[in-house]
Amino acid sequence: MTINFSPEHTDPSASLDFIRNIIAEDLKANKNDGRVHTRFPPEPNGYLHIGHAKSICLNFGIAAEHKGGLCNLRFDDTNPSKEDIKYVESIMKDVRWLGFDWGDRLFYASDYFDRLYQYAVQLIKKGKAYVCDLSPDEIREYRGTLTEPGRESPYRNRSAEENLDLFECMRSGEFEDGSRVLRAKIDMASPNLNMRDPVMYRILRAEHHRTGNKWCIYPMYDFTHCLSDSIEGITHSICTMEFENNRPLYDWFLDQLEVDCHPRQIEFARLNLSHTILSKRKLLALVEGKLVSGWDDPRMPTIAGLRRRGYTPESIRNFCDRIGVAKRESVVDIALLEHYIREDLNRRAPRVMAVLRPLKVIIDNYPEEKVEEMDAENNPEDPGMGSRKVLFSKTLYIEQHDFRENPPKKFFRLSPGSEIRLKHAYYIKCTKVIKDEHTGEVIQLHCTYDPETRGGWSKDGRIVKGTSHWVSAAHSVKAEVRLYDHLFLRANPDDEKDRDFRTFLNPNSLETLTSCRVEPCLAETAPGSFYQFLRQGYFCVDSVDSSPEKPVFNRTVSLRDSWAKIEKSRGTEAPYF
RNA sequence: UGGGGCGUCGACAAGCGGUAAGUCACAGGAUUUUGGAUCCUGCAUUCGGAGGUUCGAAUCCUCCCGCCCCAGCCA
């Protein structure tokens with residue numbers, strides 16, 4: 001296990017969440033021989049997202065916090081019509097990437113199909129299950145409603161012998177898909193609809209990604225899950241709130257079958273994140289509607305998307321630890337996620353200069369052919385990361401936003417006549433502004449530099465308030481930069497019932513900049529490596545589209561920007577050309 | 001309208017009868033060769049509402065209000 005324990009889970013004085021509290025009590029009461037064994041049970045029918053990360057961190061985290069604690073990875077693969085091997089592969093990759101290890105405990109519910117069948121037979125023999133010939137529509141009718149009890153199926157009182165025979169025929173393929181089901185015989189009048197003779201097995205001729213065509217009947221979730229947990233010796237079966245109504249059924253199967261291991265199911269509230277959606281169905285709609293480039297589009301809240309966006313496993317784990325675990329429905333502010341990636345990258349990302357929207361600057365009093373090597377520290381937060389050389393010359397690029405012809409109050413950057421520091425280089429003063437005669441756009445600046453300020457210090461103690469990043473025109477390379485922003489404009493895109501969530505998509509969630517100039521060393525970096533582009537944000541090399549010939553960077557998250565905040569509150573932001 | 005669950009700062013979230021932790025966000029200030037980072041400071045007389053019990057209630061009781069989940073041969 002490579003995870004770092006967060007302080008709140010290792011500090012005994014810190015408060016535990018209600019699940020860890022329950023487990024601590026169980027341990028104190030000597031339940032389960034002192035064992036703690038959890039599991040993460042995804043269905044391989046889609047990609048994992050940050051909501052799953054919460055569950056993964058919870059389950060694997062709890063196991064890691066206890067001596068001898070274990071967490072299994074188990075695929076809940078009981079519905080071959082929706083599942084696929086490609087999802088099991090992506091899920092394993094994502095769990096591993098998040099930093100968790102299931103050791104040799106990789107399981108599949110399909111591993112238990114034979115045993116499950118035997119359990120079903122046992123139930124039939126006990127008179128607790130029966131084969132029902134009702135059609136799906138009839139079953140629904142017989143189930144009753146929220147306020148009215150259901151009616152018993154006419155097939156409910158078949159003999160055990162007949163049921164055994166019929167069930168065997170179901171298995172051997174003698175009946176059509178959907179023509180019969182095996183049902184638990186519980187209580188058609190139960191106020192909990194899950195207890196109104198739930199279906200245990202359905203006939204479904206679909207090739208299973210692991211068992212092939214061995215089966216034409218497949219067990220349902222409720223029957224499978226509790227028994228899979230029991231077979232694996234799970235002590236605490238942690239799931240989300242919508243399964244709370246299923247708990248009596250979970251317990252019923254285990255009680256009826258008198259199994260040795262009866263795990264305790266505990267439900268917690270699933271994660272909701274502001275400015276995005278965490279529903280497999282809706283995420284799929286974005287992918288299929290080509291509203292994003294795929295499951296790993298850097299705007300997607302999927303693990304694959306976050307990874308491509310530049311999020312680190314550490315930041316996601318810290319986030320999951322911080323949001324807590326409770327039963328109340330909530331929406332976590334995405335700013336909290338952004339806080340954790342900034343915190344992690346601030347510590348670890350090498351600083352580098354990149355000009356996203358270049359504005360040419362000529363230093364008039366700098367010799368034509370001269371090139372100087374300037375020392376630049378790689379990370380002021382970590383001197384151990386060393387320094388590098390950055391080349392300075394007569395023709396440079398600075399950021400368009402670092403110049404303002406008519407500077408507003410408190411604008412510390414370059415403007416006609418003002419002086420700023422070029423990071424790691426010299427002080428420069430703007431002497432002349434060249435504009436496009438038709439558009440009025442500022443296209444070039446003429447400046448002078450002070451040779452006495454090499455490295456960015458002046459001996460006379462004169463203070464410049466602004467420091468800009470820059471790049472030498474001749475000693476920089478072109479790059480594409482993708483600026484990502486929130487996927488949705490609304491904090492909660494589904495809170496308006498009559499408006500489709502897609503109407504709140506942020507039209508500016510992706511802005512592609514193609515004429516950026518970056519330090520030459522950035523052309524040669526490995527996919528996924530991350531940097532802080534000085535004064536702008538954290539960026540990573542795109543793992544799909546970047547190449548040394550055409551480097552592509554994704555903005556993971558911007559730096560906090562108090563000047564932008566001031567401008568925004570004043571409404572005086574400058575336009576980009 | 002049956003059953004189950006949940007309501008504590010803008011967002012999360014502790015609190016478990018002794019007088020509202022923490023984090024993010026936000027707002028000030030210090031500092032700064034990133035308007036970054038860092039560091040200080042401020043930010044719920046009040047816990048969905050109303051009653052009640054108690055010397056004392058977010059915590060216990062009663063009633064009310066609001067939100068979520070359940071009528072798949074999905075999980």
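Naming: A, B, ... by sequence-line order, numbering from 1 per chain. None of these values were measured; they are calculated from a predicted model.
Each of A:R151, A:K185, A:R156 was scored for a salt bridge (Lys or Arg N to Asp or Glu O under 4.0 Å) with A:D197, with one residue passing: A:R156.
Contact annotation: A:R143 side-chain N/O to B:C73 OP1/OP2 distance is under 4.0 Å. Residue A:T78 has a polar side-chain atom (N or O) positioned under 4.0 Å from OP1 or OP2 of B:A75. Contact check, A:K565 against B:C26: a side-chain N or O comes under 4.0 Å of OP1 or OP2. Considering only side-chain N and O atoms, A:R202 lies under 4.0 angstrom from the phosphate OP1 or OP2 of B:C74. Dashed line: the shortest gap from a side-chain N or O of A:R151 to OP1 or OP2 of B:A71 is not under 4.0 Å.
Residue A:T467 is in sugar-phosphate contact alone, with no base atom involved, counting any heavy-atom pair closer than 4.0 Å across all strands shown. Heavy atoms of A:K423 sit under 4.0 angstrom from at least one base atom.
Spacing between atom CZ of A:F223 and atom P of B:C73 amounts to 16 Å, rounded to whole angstrom units. The CD-P distance, from A:E244 to B:C68, rounds to 16 Å in whole Å. Nucleotide B:A75 holds its C1' atom 13 Å from the CG atom of A:L249, rounded to whole Å. Distance, A:M195 CE to B:G4 C1': 13 Å, rounded to whole Å. Distance A:M241 CE to B:C6 C1': 7 Å, rounded to the nearest Å. If you take OH of A:Y250 and C1' of B:C69, they are 19 Å apart, rounded to a whole angstrom. Computed from coordinates, the A:D494 CG to B:C68 P distance equals 12 Å when rounded to whole Å. The CD atom of A:E329 sits 12 Å away from the P atom of B:U8 (whole-angstrom rounding).
Pairing of B:C26, defined by two Watson-Crick or G-U wobble distances under 3.5 Å, is identified with B:G42. Under the Watson-Crick and G-U wobble criteria, each requiring two contacts below 3.5 Å, nucleotide B:C74 is left unpaired. Across all strands shown, nothing is found opposite B:G36 as a Watson-Crick or G-U wobble partner with both distances under 3.5 Å.
The listed nucleotides are B:A71, B:G35, B:A37; the one nearest the side chain of A:N346 is B:A37. For A:H339, the side-chain atoms get nearest to B:C24 when compared with the rest of B:C73, B:C24, B:G2. The listed nucleotides are B:A25, B:C73, B:G36; the one nearest the side chain of A:P136 is B:C73.
Residue A:T312 holds its OG1 atom at 3.5 Å from CG of A:D344, rounded to the nearest 0.5 Å. Here CD of A:E399 is found 11.0 Å from CG of A:L534. Values are rounded to the nearest 0.5 Å.
To the nearest whole angstrom, the two P atoms, one in B:G36 and one in B:U45, are 31 Å apart. Remark: the separation of the C1' atoms in B:A14 and B:G51 is 28 Å, to the nearest Å. Spacing between B:C6 and B:U38 at atom P, rounded to whole Å, works out to 37 Å. With P as the reference atom, B:C16 and B:U59 are 12 Å apart, rounded to whole Å. One P atom belongs to B:G35, the other to B:U23, and the distance between them is 26 Å to the nearest Å. B:G29 and B:G17: their C1' atoms are spaced 41 Å apart (whole Å). Separation of the C1' atoms belonging to B:A71 and B:A57 is 41 Å when rounded to the nearest angstrom. Rounded to a whole angstrom, the distance from the C1' atom of B:C68 to that of B:U62 is 24 Å.
Residues A:Y538 and A:S135 each lie close to RNA chain B; by heavy-atom proximity, the contact nearer the 5' end of the strand is made by A:Y538. Closest-nucleotide positions on RNA chain B for A:G324 and A:R454 were compared, and the one nearer the 5' end corresponds to A:G324.
In terms of polar N and O atoms assigned as donor or acceptor, the side chain of A:R322 never comes within less than 3.5 Å of the base of B:U23 in a complementary pairing. At a cut-off of 3.5 angstrom, counting only N and O atoms as typed in the model, there is no donor on one side facing an acceptor on the other between the side-chain of A:N245 and the base of B:G5. Between the side chain of A:R328 and the base of B:U8 there is at least one donor-acceptor pair of N/O atoms closer than 3.5 Å. With hydrogens and angles left out, the side chain of A:D333 and the base of B:C24 share no donor-acceptor pair within 3.5 Å. Judged by distance alone with a 3.5 Å cut-off, a donor-acceptor contact links the side chain of A:R413 to the base of B:G35. Not a single donor-acceptor contact under 3.5 angstrom links the side-chain atoms of A:E381 to the base of B:U38.
Looking at heavy atoms from C-beta onward, A:Y201 lies in side-chain contact with A:F223 at the 4.5 angstrom threshold.
B:G52 shows a glycosidic angle more than 90° from 0 and is accordingly assigned anti.
At least one cation-pi condition fails for A:R322 and A:Y340: the charged atom is not both under 6.0 angstrom from the six-membered ring centre and inside a 45 degree cone around its axis.
For A:K282, the NZ atom counts as densely surrounded, since its 6.0 Å shell holds more than 12 non-hydrogen atoms of other residues, nucleotides or ligands. The environment of CZ in A:R270 is sparse: at most 12 heavy-atom neighbours from other residues, nucleotides or ligands sit within 6.0 Å.
The aromatic ring of A:Y221 is not stacked on the base of B:A75, since the criterion of ring centres less than 5.5 Å apart with planes inclined by under 30° is not met.
When ring centroids are compared, A:Y426 and A:Y449 come within the 6.0 Å threshold.
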